[in-house]
Amino acid sequence: TAEFLRERRLFETAYNDVMSAGQLAAGFGTIKASNSELAGDSAIRSTLSRVSAMLGQIVPGSVGKYQTLGSIGIEADKDGKLKLNDAKFGAALGADPNAVSKLFVEDPSAGSTGAMKGFSTLVDQLANDSNSIMKTRSEALSALTRRLDDDAAAMERRLALVETSLRERFTQLDLLMSQITTQGNALAGIVNMQGDK
């Protein structure tokens, strides 16, 4: 039905968006990491693995033969994105449309949560739980960024002090050279005066 199709599309889009963002950040296959600090990041890879494992997990409230997304033909392709096996999906829909619908539509009266609810809950846990690998990694990267910012600011302050010191020395050296030139000219004048005598 319309709600079922809408939920299925929402799930596929949300799933593929999460996978794309993770793959783009850490790199995947021929995709180069958009952030060199995250290239091959184990936290991101572990998170994407947990998300992809959802395809084989039983959706709460599902019934009968079709209790996982994989059982109705929703599979991951070689790039980790969702693809629909039309033949398998059509067969499942023809055999038991109610069971297929329960995989996507939330129905509290039947105890069905739908895959989107489970997906949202998992993503929230991975991103926000205090002991989540992604939250831990994010906090570590934030701390590193703050430390690098502090180091850069301290380096700028040191460079400014060195510049000030060098300018002062140059000024003193210039003044000294001016005095030496004046004294040299005075000595040359004295020598010339004595030579004239």
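Just so it is clear, the structure is predicted and the values come from calculations on it, not from any experiment.
Annotation: salt bridge (Lys or Arg N to Asp or Glu O under 4.0 Å) contacts of Arg169 (sequence neighbours excluded): none. With sequence neighbours left out, the side chain to side chain donor-acceptor pair (under 3.5 Å) criterion links Glu12 to Arg8. Residues that satisfy the side chain to side chain contact (heavy atoms under 4.5 Å, CB included) test with Lys81, not counting sequence neighbours, are Asn16, Met19, Ser20, Gln23, Asp77, Asp79. Applying the side chain to side chain contact (heavy atoms under 4.5 Å, CB included) criterion to Asp17, with sequence neighbours excluded, gives Thr13.
Between atom CD1 of residue Ile74 and atom NZ of residue Lys83 there is a gap of 12.5 Å, rounded to the nearest 0.5 Å.
Nearest heavy-atom pair, Ala91 versus Tyr66, reported as atom, atom and distance to 0.1 Å: O-OH, 4.2 Å. Closest non-hydrogen pair, Ser71 versus Thr68, comes out as OG-O, 2.5 Å. Closest of all the heavy-atom pairs between Ala76 and Leu55 is N-CD1, 3.7 Å.
Both Val100 and Met54 belong to a common hydrophobic cluster when Ile, Leu, Val, Met, Phe, Trp and Tyr are linked at side-chain heavy-atom distances under 4.5 angstrom. Hydrophobic clustering of Ile, Leu, Val, Met, Phe, Trp and Tyr side chains at less than 4.5 Å, counting indirect connections, unites Leu93 with Leu82. Under the 4.5 Å side-chain heavy-atom criterion for grouping Ile, Leu, Val, Met, Phe, Trp and Tyr, Leu69 is not connected to Ile58 through any hydrophobic cluster.
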Can you give the donor-acceptor pairs under 3.5 Å from side chains of residues 172-182 to other protein atoms, not counting sequence neighbours?
| residue | atom | partner | partner atom | Å |
| --- | --- | --- | --- | --- |
| Thr181 | OG1 | Met177 | O | 2.8 |
| Thr182 | OG1 | Ser178 | O | 2.9 |

Which side-chain N or O atoms in residues 151-159 pair as donor and acceptor under 3.5 Å with protein atoms at least two apart or in another chain?
none

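In this structure, the side chain of Lys65 does not engage the main chain of Ala92 through any donor-acceptor pair within 3.5 Å.
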